[in-house]
Amino acid sequence: MLAPLSNRVALVTGAGKRLGRAVAIGLAEQGADVVIHYRSSEGEAYEAVAEVKKLGRRSIALQADLARVSDLPKLFQEVESNFGRLELLVNSAANFLQTEFASTTEKMWDASLDTNLKAVFFCCQAAAPLLKKSKGAIVNFADIGGILGWRGFIPHSISKAGIIMLTRCLAKELAPEIRVNAIAPGTITMPGDPPELEADFVKVAPLHRSGRPADIVAAVSYLAAAQFVSGQVLVVDGGRTL
Ligand SMILES: NC(=O)c1ccc[n+]([C@@H]2O[C@H](COP(=O)([O-])OP(=O)(O)OC[C@H]3O[C@@H](n4cnc5c(N)ncnc54)[C@H](OP(=O)(O)O)[C@@H]3O)[C@@H](O)[C@H]2O)c1
């Protein structure tokens, strides 16, 4: 049987580093061609392209500031002109702005909401014609902060709660051609992260560990392939939200 991701074309936003990059490489390992989107991490994005190519898959890097909505159609036009199609959009790019309640400014609010929520809506809108043609799928990145709500991160938590509702709305709006799901990660640690990040999470997560990029790759891969699943939010948090 053909693996579900084999010979598919995927675009991963924010794929120059960290989780986006891990997902991009993970999809390529499963046989996908991958468009690496980046904003400022050009060097890392081209390294990711080289890694995908080493796996025998096609890859290009495309630059865009996703908060600039008018630039988004061009991003997907470039995908079409290079690959002719798109089967999977993974919306991983986001910021994580700490904003104390009393000193939160309108600029901080807009920076959270524009990148983490508005950009995802307009990326989905711009990608929809291509994904409809291919009967493709979207995987959005929420955050357990969008379920629990973090002190000191109100705009961020709201942006991620918005991703959960956006996922449900789009799953209805774009059915039956396009499936739309989300993951909501807990703390995922990577080499170089401060040890206290993991230590704090371990205390409160029933599985007594933080997540690893491989946990995220597995969740995204499942949602990319699960043909009867749409509108769902897969919480990947070692039980933290229980
Ligand atoms: N890491 C965790 O523990 C965790 C937990 C819960 C949820 N998540 C979610 O998982 C996703 C990935 O997390 P991460 O930790 O890997 O993220 P990250 O390193 O903070 O950011 C990923 C990428 O987003 C891109 N980005 C930010 N603002 C952008 C903009 N305006 N336009 C275009 N790209 C922009 C950046 O690209 P450039 O570097 O190219 O500028 C950055 O490399 C995010 O949606 C995050 O909210 C992560």
Side-chain angles (χ1 to χ4, degrees), residues 11-26 35-49 61-72 74-75 89-98 107-108 110-123 126 138-150 153 155-164 166-167 182-194 196-202 204-205 209-217 219-220 223 233-238 240-241:
L11 183 151
V12 182
T13 67
K17 5 189 232 204
R18 294 171 55 87
L19 294 184
R21 181 174 182 155
V23 168
I25 304 302
V35 180
I36 307 288
H37 158 269
Y38 70 98
R39 177 190 52 178
S40 54
S41 299
E42 185 176 15
E44 288 97 332
Y46 280 95
E47 279 168 23
V49 165
L62 294 178
Q63 196 278 339
D65 180 345
L66 301 180
R68 294 164 64 113
V69 168
S70 57
D71 290 356
L72 299 181
K74 186 166 155 258
L75 181 65
L89 169 63
V90 180
N91 287 306
S92 174
N95 56 39
F96 185 47
L97 299 181
Q98 186 162 9
K107 200 170 164 203
M108 290 169 182
D110 287 346
S112 265
L113 274 290
D114 283 0
T115 294
N116 295 0
L117 183 57
K118 188 169 85 175
V120 176
F121 174 87
F122 285 103
C123 275
I138 296 171
V139 179
N140 293 324
F141 274 54
D143 180 328
I144 59 168
I147 298 167
L148 299 173
W150 300 136
F153 291 87
H156 178 82
S157 300
I158 291 170
S159 73
K160 293 298 190 176
I163 287 292
I164 291 170
L166 176 64
T167 298
I183 63 165
T187 296
I188 311 298
T189 47
M190 274 158 267
D193 281 344
E196 56 276 16
L197 193 67
E198 175 159 35
D200 285 351
F201 191 77
V202 164
V204 286
R209 72 168 177 90
S210 60
R212 301 281 179 268
D215 297 311
I216 298 304
V217 175
V220 171
L223 291 172
V233 179
L234 183 52
V235 178
V236 186
D237 72 342
R240 168 67 178 84
T241 43

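Both counts, for ligands and for their atoms, begin at 1 and track the order of listing.
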So is [X] in contact with ligand 1, going by heavy-atom distances below 4.0 Å?
X: Lys160; value: yes
X: Ala15; value: no
X: His37; value: yes
X: Gly186; value: yes
X: Ser92; value: yes
X: Ala64; value: yes

Original post:
Should Arg18 and Asp193 count as side-chain neighbours, where that means a heavy-atom distance under 4.5 Å?
Top reply: yes

Original post:
Taking C-beta and beyond as the side chain, do Leu66 and Cys123 meet within less than 4.5 Å on heavy atoms?
Top reply: yes

Backbone or side-chain N or O of [X] under 3.5 Å from ligand 1 N or O:
X: Phe141; answer: no
X: Asp65; answer: yes
X: Thr187; answer: no
X: Leu19; answer: yes
X: Ser40; answer: yes

At their closest point, which heavy atom of [X] faces which heavy atom of [Y], and how far apart are they?
X: Ala142; Y: Pro185; answer: O-CD, 3.3 Å
X: Val69; Y: Lys118; answer: CG2-CE, 3.8 Å
X: Leu97; Y: His156; answer: O-CB, 4.2 Å

Would you give the length of the straight line joining atom [atom1] of [X] to atom [atom2] of [Y], rounded to the nearest 0.5 angstrom?
X: Ile158; Y: Asn116; atom1: CD1; atom2: CG; result: 11.5 Å
X: Ser92; Y: His37; atom1: OG; atom2: NE2; result: 10.5 Å
X: Leu197; Y: Ile188; atom1: CG; atom2: CD1; result: 10.0 Å
X: Leu234; Y: Thr167; atom1: CG; atom2: OG1; result: 12.0 Å

Closer than 4.0 Å to some heavy atom of [X] - which atoms of ligand 1 meet that?
X: Ala93; value: 24 (O), 25 (C), 26 (N), 34 (N), 35 (C)
X: Tyr38; value: 40 (O)
X: Lys17; value: 39 (O), 43 (O)

Original post:
With backbone taken as N, CA, C and O and side chain as the heavy atoms from C-beta onward, which portion of Ala45 lies under 4.0 Å from ligand 1: side chain, backbone, both, or neither?
Top reply: neither

Subject >> Ala142 and ligand 1 - part of the residue with a heavy-atom distance under 4.0 Å >> reply: backbone

Original post:
Would you find a donor on one side and an acceptor on the other, under 3.5 Å apart, between the side chain of Ser157 and the backbone of Gly146?
Top reply: no

Subject >> Asp215 side chain to Arg212 backbone, donor-acceptor under 3.5 Å >> reply: yes

For [atom], what's the nearest protein heavy atom and its distance?
atom: atom 8 (N) of ligand 1; value: Pro185 CG, 4.0 Å
atom: atom 32 (N) of ligand 1; value: Leu66 N, 2.9 Å
atom: atom 3 (O) of ligand 1; value: Ile188 N, 2.8 Å

Among [options], which one puts a heavy atom closest to [atom]?
atom: atom 21 (O) of ligand 1; options: Ala22, Ala61, Ala67, Ala94; result: Ala94
atom: atom 39 (O) of ligand 1; options: Ser41, Ser210, Gly16, Gly20; result: Ser41
atom: atom 14 (P) of ligand 1; options: Arg68, His156, Arg39, Arg18; result: Arg18

Original post:
Which one of Thr13, Ile183, Val90, Val139 satisfies the side chain to side chain contact (heavy atoms under 4.5 Å, CB included) criterion with Val23?
Top reply: Val90

**OP:** Kindly write out the residues that satisfy ring pair (Phe, Tyr, Trp, His ring centres under 6.0 Å) with Phe122, not counting sequence neighbours, or none if the list is empty.
**Re:** none

**OP:** Would you verify that at least one protein heavy atom lies under 4.0 Å from atom 42 (C) of ligand 1, or report that none does?
**Re:** no

Original post:
Got a salt bridge between Asp237 and Arg240, using NZ or NE/NH1/NH2 to carboxylate O under 4.0 Å?
Top reply: no

